[in-house]
Amino acid sequence: MAKTAMRQRYHFMGPCGWINDPNGLIYYKGKYHFFYQFNPYSGFWSQMHWGHAVSDDLLHWEHLPVALAPSEIYDDHPQGGCFSGSAIEKDGDLYLVYTGTANNGNGFEQTQNVAVSVDGVHFSKCEGNPVIEPPEGVPHDFFRDPKVWEHEGLYYLVCGAQRDGRAQALLYRSKDLLHWEFFNVLFESRGEWGFMWECPDFFPLGDKWVFLCSPMGIGERTTVYFVGDFDYGTGSFTYTVTGEADWGFDFYAPQTFQDGNGRRIMVGWANGWDWMPFWKDWGPTWREGWCGSFAVPREVRMNDNLTLSIMPVDEISTLRSEMAVLPPTIRLGEESTTLRVGDGVAYELGFSIDLMQTDATSIHLNLRQHDDRALVVDFDLAHARMSVNRDKADEWSKGTSRSPLSVQGKEKLDVILLSDQSSMEIFVDGGRVVHSMNVFADNEHNGISMYAKNGDAVLVDVKGYGLDAV
Ligand code: DQQ
């Protein structure tokens with residue numbers, strides 16, 4: 001479609017229309033494949049198809065024909081269609097396992113289904129669909145988003161469900177991807193983790209396992225992870241550590257996969273349901289004929305204390321164009337310091353707060369600034385927390401995301417900002433804290449300024465680059 005005012009420059013987007021969750025992310029036969037929830041007909045959510053694109057580098061994408069479209073009695077709900085799921089390679093063929101939604105007069109009836117491709121482009125839905133129906137006690141409209149993997153010749157699948165009004169992750173296993181038996185409730189909420197887990201993911205990292213989901217019913221938490229142990233003998237998971245994959249408002253339904261280099265890569269939908277009052281307003285971009293993009297692909301690593309560090313993949317550095325002329329060290333006071341990085345819209349800016357030389361109680365950044373508009377980032381060093389406020393970022397977005405910030409015992413706190421036409425991603429403390437937000441601002445909103453309160457702040461290793469469009 002034509003380049004419109006808000007289209008992203010280097011983030012993944014659909015060719016047109018609406019996109020939401022990443023689906024079926026896989027490194028298959030030497031290429032990255034992204035599938036995604038896609039409404040090709042307009043810029044709002046309806047009639048879910050699976051869009052499909054391939055890439056060599058996670059940045060430059062070739063769009064392929066739609067992989068799945070609503071067509072069968074089990075996936076032809078006029079609004080719903082082919083909901084989220086995952087991909088796996090078996091005997092060289094590419095299998096998609098997805099939730100079909102149907103309406104036989106009962107609303108969104110959800111079942112798990114399989115499609116297969118020998119060429120990785122054209123998919124046929126399998127004869128035996130649906131391959132899994134909701135078990136007794138699970139409402140048919142709370143049974144979705146299968147994530148599949150293989151272990152020692154058996155296939156495993158976890159999907160989101162609800163029982164007695166509380167979220168559950170159900171574990172199934174299969175010898176052939178087509179015939180599934182229920183294995184166990186992998187993990188469940190007792191109410192504290194919400195009433196449904198959308199897009200659950202479950203994967204090993206080092207000698208631990210990570211359960212990742214977008215929970216419904218626990219306020220501002222958009223994506224939560226749990227780190228613990230899994231037993232293939234019992235099919236049960238227990239966690240000891242939990243955290244937020246992203247504290248911003250626009251990171252939802254992420255999925256991970258392992259690529260050819262063994263990296264665990266996470267990709268999230270760079271939007272959130274909470275700011276879209278259903279059926280009324282789908283945000284500022286649907287009038288341009290599209291809505292939705294993916295956050296930059298991120299690499300997931302485990303820290304010694306079992307928390308996760310989530311950082312942009314290294315490939316992002318290949319987009320760097322001119323290096324900004326910046327002093328490597330900046331001393332901030334109450335007066336505003338302005339910086340110029342790229343065109344102030346698509347850029348990367350990195351620095352470390354030198355905590356040993358900083359006596360200010362807080363540092364404040366105004367990003368995508370123009371007149372009295374800006375996205376405002378506060379590092380409250382005195383109270384060990386940070387926030388991102390977008391109430392004045394554009395004419396439309398609202399809200400402040402807040403997170404803790406660990407400063408105790410640290411000499412430096414590193415910060416990386418990735419800005420694009422309609423998004424800002426902020427990675428702090430080696431990716432232990434991330435805030436991702438949409439900003440629907442035009443090219444005039446290109447100011448970057450910063451100041452400190454109640455003392456001086458010293459930023460070191462300051463580096464910035466314009467980022468090229470893909
Ligand atoms: N989006 C899909 C569902 C999933 C939700 C529908 C999460 O499968 O639960 O588009 O954003």
Side-chain angles (χ1 to χ4, degrees), residues 14 17-25 34-51 66-70 74-87 96-103 107-113 115 130 132 134 138-148 157-162 167-170 194-202 212-218 221-224 245-246 249-256 266-276 278-279 282-283 286 291-295 436 438:
W18 163 279
I19 78 167
N20 58 291
D21 318 343
N23 293 158
L25 308 182
F34 279 8
F35 299 85
Y36 53 93
Q37 289 284 278
F38 183 35
N39 175 7
Y41 304 113
S42 72
F44 52 86
W45 183 85
S46 189
Q47 305 178 70
M48 286 293 103
H49 294 56
W50 275 38
V66 157
L68 298 177
Y74 51 81
D75 68 10
D76 67 353
H77 190 295
Q79 266 94 46
C82 303
F83 271 14
S84 288
S86 53
L96 307 181
V97 185
Y98 71 101
T99 299
T101 59
N103 185 353
F108 286 96
E109 294 171 37
Q110 299 169 0
T111 55
Q112 315 316 330
N113 299 280
I132 314 180
V138 169
H140 61 247
D141 50 349
F142 284 103
F143 183 58
R144 57 180 177 267
D145 308 338
K147 176 73 195 276
V148 67
L157 169 162
V158 62
C159 71
Q162 184 190 83
Q168 284 191 332
L170 302 183
F195 62 82
M196 175 69 186
W197 292 330
E198 294 197 304
C199 301
D201 194 352
F202 190 55
L212 178 76
C213 67
S214 284
M216 300 172 87
I218 52 170
R221 291 186 152 132
T222 58
T223 304
V224 184
D246 196 308
F249 295 140
D250 292 305
F251 190 80
Y252 198 80
Q255 192 175 95
T256 73
M266 177 190 288
V267 180
W269 173 42
N271 286 89
W273 295 115
D274 286 349
W275 57 258
M276 296 178 186
F278 253 58
W279 319 120
W282 299 90
W286 74 269
C291 186
S293 61
F294 287 175
S436 300
N438 288 329

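Atoms within each ligand, like the ligands themselves, are counted from 1 in listed order. Note that the structure is a prediction, hence the values are computed from the model and not measured.
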If I apply the N/O under 3.5 Å rule, does Ser84 come out as touching ligand 1? yes

I'd like to check which ligand 1 atoms, numbered from 1 as shown, lie under 4.0 Å from a non-hydrogen atom of Met48. 10 (O)

So, does Trp286 use its side chain to make a donor-acceptor pair with the main chain of Trp45 at under 3.5 Å? no

If you have a sec, work out which protein heavy atom is nearest atom 6 (C) of ligand 1 and how many Å separate them, to one decimal? Gln37 OE1, 3.2 Å

Which atoms form the tightest heavy-atom contact between Gln37 and Cys82, and what is the distance? NE2-O, 2.9 Å

Contact check, Asp145 vs ligand 1, heavy-atom distance below 4.0 Å: yes

Suppose I only count heavy atoms of Tyr252 and a 4.0 Å limit; which atoms of ligand 1 are within that range? 7 (C), 11 (O)

Those atoms of ligand 1 less than 4.0 Å from some heavy atom in Asp21: 1 (N), 2 (C), 3 (C), 4 (C), 5 (C), 7 (C), 11 (O)

Out of Tyr41, Phe38, Trp282, Tyr36, which one pairs with Trp18 under the ring-ring contact (aromatic ring centres under 6.0 Å, His included) rule? Trp282

Rounded to the nearest 0.5 Å, what's the gap from OH on Tyr98 to CZ on Phe35? Could you check? 13.0 Å

Between Asn20 and ligand 1, find which residue part has any heavy-atom pair under 4.0 Å and reply side chain, backbone, both or neither. side chain

Assess, by modelled atom type and distance only, whether the side chains of Asn39 and Ser46 contain a donor and an acceptor separated by less than 3.5 Å. no

Any idea which atoms of ligand 1 are less than 4.0 Å away from a heavy-atom of Trp273? 7 (C), 11 (O)

Within this structure, what is the CG-CE distance for the pair Asn20 and Met48, rounded to the nearest 0.5 Å? 5.0 Å

